[in-house]
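Inspection log for the structure reproduced underneath, given as structure tokens.
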There are 2 protein chains.
Amino acid sequence: MSKGQQTRAVILSEALRAASVEGFQGISIGMLADRLKMSKSGLFAHFGSKEELEKALLDESAKRFMARVWEPARQAPRGRPRIEAMFHGWLDWSLHNDDLPGGCLFVTLAAEYDDRPGPVRDHLAELQTRWQGMMIRSAQIAIQEGHFRADLDPKQFAYELQGIFLTLNYYRRLLRDGSAVRRAELAFTGLLTRSAATH
Amino acid sequence: MSKGQQTRAVILSEALRAASVEGFQGISIGMLADRLKMSKSGLFAHFGSKEELEKALLDESAKRFMARVWEPARQAPRGRPRIEAMFHGWLDWSLHNDDLPGGCLFVTLAAEYDDRPGPVRDHLAELQTRWQGMMIRSAQIAIQEGHFRADLDPKQFAYELQGIFLTLNYYRRLLRDGSAVRRAELAFTGLLTRSAATH
DNA sequence: CTAAATTACGAACGGTCGTTCGGAAAGTCA
DNA sequence: TGACTTTCCGAACGACCGTTCGTAATTTAG
């Protein structure tokens, strides 16, 4: 890895940490340069604009999410086991992620960008739509395997699964409610129970 | 109402609109002054600091929410009807609120402030905790009235109800998914069904 | 080792930020 | 109407924003 790519990776990691707490609106080139003890212009040169930095952060975060949540889950057996693996990986990503002190970046950005048109919003929405697609397909496989009810609506399943994590973030990080994780787990087992095939 | 209070109310309304889209980080004194065709310093004088403006916005938004969602629901009969009224008022607040073009301010702020300590975060968290309390008490009443199962966990009920609205916002505003409202309604009727007493 | 290419820096740009202050304008009340 | 208070404005403050540019330092490749 060349020196440039190496520096770029360090910048992305630090920016990811900062953005998970402050959002994209809350980070600045100068602040990142200070933290990394390098010059504004030197840091800036790696991306050409703040918007490009933001898009790079989206990609980096998606890459890490896929590596940590999706890839391991894909190793699990098709159907319900895979969905359970997905849930636990996602939970682990949300709770024990030292790279993201402010929690999942996508949750932070979802609210920040949902009404602010532009390339960043578009990029974020596409990544999130893609993730919905993976959840939907996983639910379809579980139906196909006979683990889930044949009349289950896979998209509704994805909707409610996504909701569990949005709510987890809200209860845990904003309300600082100690029972948040347990409630998320309860919600998930409830969702599984009512999705399960009755045989 | 004196001239000052009148102006203050106008500022709050405009700031509320802007903040629902951009968040508190995205609004500035200068931008609000421009939109209202008044001077920065004139606008500023009504609050003394940006932070005071932000706290005033939290209170104003909470006041409107209570007037539009909670007060009407309180008129409904105790128990399940009141909870259904709450849901529909909340849905109406989320969907048809011309005063908040960016959707519910609390949803926007929840992600923005969950990891940023300070008076604004504290104020927001307290308002939201209070709202959780109202939902919990409503669920308790529904149990008491025999509408909900005696072994229902009221806090888990509140958790999942809150989740429906967080997810609605995400699907509707970020993903622009046309089925978002229907999915929220489905999730709510599902929640009601599994909370209902079996008599 | 040398020469070319990459990477990093410092200084400066026009703008906008929140905030301060003194005085002009407008509202309030006898 | 007149006196007094409240409301508002314009100018300015230092700080920080994203961005540009010429140049120095370092890395890379022959």
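Every chain is numbered from 1, with letters handed out A, B, ... down the list of sequences.
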For this session: Walk along DNA chain C from 5' to 3' and tell me the first and last nucleotide with an atom closer than 4.0 Å to a non-hydrogen atom of chain A.
Result: C/dT7 to C/dG10
Using distance only, find each side-chain donor-acceptor pair of residues 28-43 of chain B under 3.5 Å and give its atom names and separation, not counting sequence neighbours.
from, atom 1, to, atom 2, distance (Å)
B/Ser28, OG, B/Met31, N, 3.1
B/Ser39, OG, B/Gly42, N, 2.9

For this session: Identify, residue by residue, the members of residues 6-15 of chain B with a heavy atom below 4.0 Å from DNA chain C, and return them in order of residue number, or none.
Result: none
Seminar exercise, completed: What one should report as the nearest heavy-atom pair of A/Ser61 and A/Trp93 is O-CH2, 3.9 Å
Seminar exercise, completed: Nearest heavy-atom approach of A/Leu91 to A/Phe165 is N-CE2, 3.6 Å
Exercise. Salt bridge between A/Asp177 and B/Lys155, side-chain N to carboxylate O under 4.0 Å?
Worked result: yes
Problem set entry | Pairs involving residues 185-194 of chain B, ordered by first then second residue, that meet salt bridge (Lys or Arg N to Asp or Glu O under 4.0 Å) (sequence neighbours left out) | B/Glu160-B/Arg194
Problem set entry | Selection residues 121-156 of chain B - residue pairs positive for ring-ring contact (aromatic ring centres under 6.0 Å, His included), sequence neighbours left out | B/Phe65-B/Trp131, B/Trp90-B/Trp131, B/Phe148-B/Phe157
For this session: Under the side chain to side chain contact (heavy atoms under 4.5 Å, CB included) rule, collect the residues that match up with A/Leu12, sequence neighbours excluded.
Result: A/Arg8, A/Phe47, A/Leu53, A/Ala56, A/Leu57, A/Glu60
Dump every N/O contact between nucleotides 27-30 of chain D and the protein below 3.5 Å, one line per pair.
from, atom 1, to, atom 2, distance (Å)
D/dT28, OP1, A/Lys3, N, 3.3

Problem set entry | Within residues 19-29 of chain A, residues whose heavy atoms come under 4.0 Å of DNA chain D | A/Ile27, A/Ser28, A/Ile29
For this session: Residues of residues 33-52 of chain B with any non-hydrogen atom less than 4.0 angstrom from an atom of DNA chain C: list those, numerically ordered, please.
Result: B/Lys40, B/Ser41, B/Phe44, B/Ser49, B/Lys50
Exercise. At their closest point, which heavy atom of A/Arg68 faces which heavy atom of A/Asp92, and how far apart are they?
Worked result: NH2-OD2, 3.1 Å
Exercise. Salt bridge or not for B/Glu22 and A/Arg116, using N-O below 4.0 Å?
Worked result: yes
For this session: Report yes if the side chains of A/Leu161 and A/Met86 come closer than 4.5 Å at any heavy-atom pair, otherwise no.
Result: yes
Exercise. Should B/Arg183 and A/Asp153 count as an ion pair when the cut-off is N to O under 4.0 Å?
Worked result: yes
Exercise. Going only through I, L, V, M, F, W and Y residues with side-chain contacts under 4.5 Å, is there a path from A/Met134 to A/Leu166?
Worked result: yes
For this session: Name all residues meeting the ring-ring contact (aromatic ring centres under 6.0 Å, His included) criterion together with B/Phe188; count only those two or more places apart in sequence or in a different chain, and write none if there are none.
Result: B/Phe87
Problem set entry | Cluster link A/Val21 to A/Leu105, ILVMFWY, side chain under 4.5 Å | no
For this session: Treating Ile, Leu, Val, Met, Phe, Trp and Tyr as nodes and any side-chain heavy-atom pair under 4.5 angstrom as an edge, say whether A/Ile136 and A/Tyr159 lie in one connected cluster.
Result: no
Exercise. Who passes side chain to side chain contact (heavy atoms under 4.5 Å, CB included) against B/Thr129, sequence neighbours left out?
Worked result: A/Leu175
Exercise. Using the C1' atoms of the five pairs at each end, what is the angle between the end axes of the helix from C/dC1-D/dG30 to C/dA30-D/dT1, to 10°?
Worked result: 30°
For this session: Supply the atom-to-atom distance A/Gln162 CD to B/Thr167 OG1, rounded to the nearest 0.5 angstrom.
Result: 7.0 Å
